[in-house]
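Please read the structure below before turning to the comments.
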Amino acid sequence: MSSYDPSEIEPKWQKHWLKQKTFKTEKASDKPKYYVLDMFPYPSGSGLHVGHPEGYTATDILARYKRMNGFNVLHPIGWDAFGLPAEQYAVKTGTHPRETTEKNVNVFREQLQMLGFSYDWDREVNTTDPDYYKWTQWIFLKLYEKGLAYEDEAPVNWCPELGTVLANEEVIDGKSEVGGFPVVRKPMRQWVLKITEYAEKLLEGLDDLEWPESTKEMQRNWIGRSIGAEIEFQVAKHDEQLNVFTTRPDTLFGATYMVLAPEHHLVRDITTSEQRKDVEEYVLKAGLKSDLERQEESKKKTGVFTGAYAINPANNQEIPIWVADYVLAHYGTGAIMAVPGQDQRDWEFAKTFDLPIIRTVQPPEDFEGEAYVGDGIAINSDFLNGLEITEAKSKIIDWLEENGVGEKSINYKLRDWLFSRQRYWGEPFPIIHVDGKPKPLPESELPVTLPEIDIYQPTKTGEPPLAKAENWVKTTDPETGKEALRETNTMPQWAGSCWYYLRYISPEFDGGPVESDEEKYWMPVDLYVGGSEHSVLHLLYARFWHKVLYDCGVVSTPEPFQKLVHQGMILGEMEYTAFKQNGSYVSAEQAEDGEEITRERVSETDVEKRGENFFLKGTDFQVESRAHKMSKSRGNVINPDDVVDQYGADSLRLYEMFMGPLEQVKPWSTKGVEGVNRFLNRAWRLIVGDEDEASLLSKDAEPNADQLKVLHEAIKKVTDDIENLRFNTAISALMIFVNEAKQWEELPSEIAKPFVKLLSPFAPHIAEELWSYLGSEVSSISYEPWPELNEAYLVEKSISYPVQVNGKVRANIEVPAEKAKDKNYVLGLAKEQKNIQRYLDETTIIKEIFVPERIINFVVK
Ligand code: ANZ
């Protein structure tokens, strides 16, 4: 028989699956459903990287496993294809982003098919397809109808280099997340989505989701709910009130000054003429900084006095009002009461400007810090004195409410979502402007398709590229026939990925984004796998849209993704460094304080692992081991195509699942790929054989108890492990099976078949080939029933012990499994054997050696 050749069998089965539409998903039925979803890729120009197949193999294993367990499985894929790179490429080369996108999609599709993923290719979606974005626009109209989309002239994050506005989430340390270009604040007319209206629902919904706790926590922090109070301060000698939001109303007696954000509307009204010049200068400078810069903790506090005073409602004292940029315009009320005794930022500010500090919570005796933020008893606080913080809080809130100078209040850090971009390659808004006012287009006008243009570059003024498509921009209001202008902003890339999981359910449906009966059957997504970089943005935006669609009656579940798992990043190969001192090797640690140290890169084959550490082979010299992120500049990028060429797709799939727990960050290892490839070869030889090794397969042999036990142990472990997404240990169990089976005289078909089924979700090509070799009548293993566990076979009935006298085996005894570790019982039984008694008679036993479940040895004189 010929040996295992993935390059022959893999393309063969891939063609077969496509032609037979093996993985075509049935519509809603009586069968139980399982919806397993991948985060769809952005089809970049550089093709698939090894991180993609990690999550995609995990979901594919589940999809295949569930099909074999009788589930109707929805396992789709598509393309998140709007986005900046295709547009930047268009700016450079003039190639239409549509062309670039189509080309890249074709490459991605071929690569995914080459890996044998069991997607239903008839359900492929592409966010840039007008038949798709028609419904993205339709959802926007729903948001608009519900008052959740509005235009706002607001200071935005403007990135001159990219020529676009960015969402707060897309700005990191004052630079664009993509490209790292400087971002400045600039007022512009923008579309904004009122995600804040859903803050509470987005928080509550998290509780029942099976998501990583860390991801839920990130969303909670992002939403940032704080409970506190709003308090009114009268501005002295003015008819104005100053409202502040505070989470610590209990510290009101310690408020020694007030701070306004530079953008606060009162700044202009209350600043005295003596202070005017300084204040105006300060406000101007602050406007150029991003929120992040303004809040940097290490930063020295800056500020300026307005000349005005406020009256503390608790004790009627006048306290100065300052302007400082550590107070943000759009959080709370954009103004604070400053309590330097209890707040570190206020403490630093008070120290810088020599403002009074009053402690209102008693710090512990040994406290040496500055502001005291811990628990304690209220002091210097009149009627609050002696109360714990929580008691003091509710007492002062009651007092504020009774006196009409404040009330309990909840604040969220979450801001409304800036939803427009000055780009070409995005969804056009279904909006026209008539007499300068925005007006939604009727549904019958959808989709509003992107016009053809020649120049994709946004202008330096921030006017979007679409503004250049004059014939497109100028239109008429379909309802009144009046002249109108189209909206020229486009939606951000997040839009298409907010609802794509719904489109897969009924990709052809033309009566709405999703067909209702199908939606009721398939939703929610049972398992969603994707990178943790999406913990907040995509996963929060999608939940927001889903909740709006739920409130509109379009979907039937309040949450889209029931269970979520993040695959861990795959790093480059581990790099090893040995250390030399004066020309000879030393351990990495010894090298630290010595002189004349040189470092030497050594290869994986020159090191060995002991415990958690690596050593130069055969020595005690420890080497330093480190794995880095894959990057072009480091030259450690592994291309999945190369791995498939050399070892086959099944080896790549198996290896990525065998590397370690799915969620862990782990380094690539070529040796590891070779290892799983050897395993597949062994499995092949076991069943099919090759020139060097005969097959052990026997069509008529009856399985014996031992073989059944080995098989059912594998069934138990693999099944359990797949259910719990522990793919690495499932693969170990398959390896153990093969190693055991290799020692048998023959391999009964009735054992080989279930084994091949267990292997099939992991390595589907070789499994199909072996399945047909084993004489199957069906065209694919994909719908064969998953092997059923029979616990009865797992029970160990008896254990046999060789019994030695002075190291020579003189007898064998069978011990009931439940007594096999009972030393006295086993030794007693051994001594009763006639053949053993012969050797023990008339001599003395010096020593009895008992290795549980292994061996017995009597040492005699
Ligand atoms: C007085 C006080 C005393 C405060 C104290 C804290 C500690 P979170 O938990 O983030 O909601 N604050 C309110 N609005 C602000 C703004 N626009 N910019 C910067 N800081 C602002 O924090 C709420 C607290 O942050 C509020 O409670 C306020 O300071 C400050 F011992 O008021 B606190």
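Residue numbers count from 1 along this sequence. Order of appearance sets the numbers: ligands from 1, and atoms from 1 within every ligand.
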- Item | Lys413 and ligand 1 - part of the residue with a heavy-atom distance under 4.0 Å | side chain
Closer than 4.0 angstrom, basic N to acidic O: yes or no for [X] and [Y]?
{"X": "Asp207", "Y": "Arg220", "answer": "yes"}
{"X": "Glu348", "Y": "Lys300", "answer": "no"}
{"X": "Lys175", "Y": "Asp173", "answer": "no"}

Exam field: side chain [X] to backbone [Y], donor-acceptor pair closer than 3.5 Å:
{"X": "His264", "Y": "Val259", "value": "no"}
{"X": "Gln234", "Y": "Glu240", "value": "yes"}
{"X": "Tyr501", "Y": "Met39", "value": "no"}
{"X": "Thr488", "Y": "Ala467", "value": "no"}

- Please confirm whether Leu328 comes within less than 3.5 Å of ligand 1 when only nitrogen or oxygen atoms on both sides are compared. yes
- Message: Does any N or O of ligand 1 fall below 3.5 Å from an N or O anywhere on Gln342, backbone included?
- Response: no
- Glu559 and salt bridge (Lys or Arg N to Asp or Glu O under 4.0 Å): which partner among Lys547, Lys216, Lys201? Lys547
Within the structure, is a non-hydrogen atom of [X] found at a distance of less than 4.0 Å from ligand 1?
{"X": "Thr247", "value": "yes"}
{"X": "His330", "value": "no"}
{"X": "Gly332", "value": "no"}

Tell me: protein heavy atom nearest [atom], and distance?
{"atom": "atom 20 (N) of ligand 1", "value": "Arg345 NH1, 3.7 Å"}
{"atom": "atom 15 (C) of ligand 1", "value": "Ile336 CG2, 3.5 Å"}
{"atom": "atom 6 (C) of ligand 1", "value": "Asp343 OD2, 3.3 Å"}
{"atom": "atom 19 (C) of ligand 1", "value": "Tyr326 O, 3.4 Å"}

What atoms of ligand 1 come closer than 4.0 angstrom to any heavy atom of [X]?
{"X": "Ser226", "answer": "8 (P), 9 (O), 11 (O)"}
{"X": "Phe245", "answer": "11 (O), 13 (C), 26 (C), 28 (C)"}
{"X": "Thr246", "answer": "1 (C), 2 (C), 4 (C), 26 (C), 27 (O), 32 (O), 33 (B)"}
{"X": "Val339", "answer": "1 (C), 3 (C)"}
{"X": "Thr251", "answer": "3 (C), 31 (F)"}

- Task: Report yes or no: is the cationic atom of Lys301 (NZ for Lys, CZ for Arg) closer than 6.0 Å to the six-membered ring centre of Tyr326, at no more than 45° off its axis?
- Result: yes
- Message: What I'd like to find out is whether the side chain of Pro364 reaches to under 4.5 Å of the side chain of Tyr372, using heavy atoms alone.
- Response: yes
